[in-house]
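Whatever order the structure lists them in is the order used to number ligands and atoms, beginning at 1. Treat the numbers as computed from the prediction; the structure is a model and nothing was measured.
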Amino acid sequence: MRIAIYPGTFDPITNGHLDIATRASKLFDKLVIGVYETPNKPVLFSPEERVELIRKTIADLPNVEVESFGGLTVDFAKRAKAIAMVRGLRMSADFEREFDMAMMTKKLYPKLEFVCLMSRVEYQFLSSSLLKEAASLGGDIHDLVPANVVEALKKKFKGKT
Ligand code: ADP
């Protein structure tokens, strides 16, 4: 069984993340999306909320699961019995950070392969932080996130726009 993890903050999941998860699910027998419980950046949604939003979004992907985790990502990978860690790469924003992360991950757990999938052109500019900014100002975000996420963002920003 070839298992991969796809770790991230997912605050909240976007169509860019979903595209990476869908494509990765075809490369591995099982993909476990791992939600950081305490990322080193401020978050809008709790870990439970982020997991729940993802769970609804991946309902039609039979070999994809989601759970939250704390501590080192490599320890999460070991627990999941993963052979690879998947990350998404946007053209301008991600390369250096992902490269550093790949080097550190290899140092901590040499057996784990680091697999980066290129973001599709239409999601190159899409980040959870920009999305939250647009949503907080009342922007139309319906083609950037799954429908349940549109509703969750509306609820969070209700009365603030
Ligand atoms: P992190 O805090 O680890 O960066 P994110 O939720 O921001 O968590 O992102 C998780 C992963 O998804 C990262 O590899 C990131 O580069 C990737 N990603 C984020 N947005 C997109 C997108 N629009 N298209 C493709 N990959 C993306």
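- The shortest N or O to N or O distance between Asp11 and ligand 1 is not under 3.5 Å.
- Taking atom 2 (O) of ligand 1 as the reference point, the nearest protein heavy-atom neighbour is Thr9 OG1, 2.6 Å.
- Ranking the protein heavy atoms by distance from atom 24 (N) of ligand 1 puts Ser119 OG, 3.0 Å first.
- At least one heavy atom of Lys41 lies less than 4.0 angstrom from ligand 1.
- Per-residue contacts place Tyr6 under 4.0 angstrom from the following atoms of ligand 1 (heavy atoms of the residue considered): 11 (C), 12 (O), 17 (C).
- Of the protein's heavy atoms, His17 NE2, 3.4 Å lies nearest to atom 9 (O) of ligand 1.
- When only interatomic distances are considered, the shortest N/O to N/O separation between Gly8 and ligand 1 does not fall below 3.5 Å.
- Protein heavy atom in closest approach to atom 6 (O) of ligand 1: Phe10 N, 2.9 Å.
- Taking the salt bridge (charged side-chain N to carboxylate O under 4.0 Å, His left out) definition, one finds that Lys81 meets it with nothing, sequence neighbours left out.
- Residue contact annotation: Phe125 has no non-hydrogen atom under 4.0 Å from ligand 1.
- Under a 4.0 angstrom heavy-atom cut-off, Gln124 registers as lying outside contact with ligand 1.
- Annotation for ligand 1: atoms under 4.0 Å from non-hydrogen atoms of Glu98 are 13 (C), 14 (O), 16 (O).
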If you apply the rule side-chain contact (heavy atoms from CB on, under 4.5 Å), what do you find for Phe76 with Glu67, and how did you get there?
CA-CA 10 Å; Phe76 174 63; Glu67 56 186 91; 3.7 Å; yes
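- Phe10 and His17 have perpendicular rings, their planes meeting at more than 60° on a 0 to 90° scale where under 30° would count as parallel.
- Although no hydrogens or angles enter the test, the distance criterion places no donor-acceptor pair under 3.5 Å between the side chain of Arg120 and the main chain of Asp19.
- Contacts between Ile20 and ligand 1, counted as non-hydrogen atom pairs separated by less than 4.0 Å, involve the side chain only.
- Of the heavy atoms in Arg97, only side-chain atoms (C-beta onward) come closer than 4.0 Å to ligand 1.
- A salt bridge does not link Arg87 to Asp94: none of the charged nitrogens lies less than 4.0 Å from a carboxylate oxygen.
- Within a 6.0 Å sphere centred on NZ of Lys56, heavy atoms belonging to other residues, nucleotides or ligands number 12 at most.
- Checked by atom type and distance alone, the side chain of Gln124 pairs as donor or acceptor with a backbone atom of Met91 at under 3.5 Å.
- The ring pair (Phe, Tyr, Trp, His ring centres under 6.0 Å) check on Tyr109 picks up nothing, with sequence neighbours excluded.
- Hydrophobic clustering (ILVMFWY, side-chain heavy atoms < 4.5 Å, transitive): Ile5 and Val66 are in distinct clusters.
- By the 4.0 Å heavy-atom criterion, Asp94 is counted among the residues contacting ligand 1.
- Remark: ligand 1 and Ser127 share no N or O pair separated by less than 3.5 Å (distance only, no angle test).
- Counting only distance, with no hydrogens or angles, the side chain of Asp140 and the backbone of His142 share a donor-acceptor pair below 3.5 Å.
- Residue contact annotation: Met118 has no non-hydrogen atom under 4.0 Å from ligand 1.
- Around atom CE of Met103, more than 12 heavy atoms belonging to other residues, nucleotides or ligands sit under 6.0 Å away.
- Checked against a 3.5 angstrom limit, the closest N/O atoms of Gly88 and ligand 1 fall inside it.
- Residue-level proximity to ligand 1 for Arg90 is carried by the side chain, the only part with a heavy atom below 4.0 angstrom.
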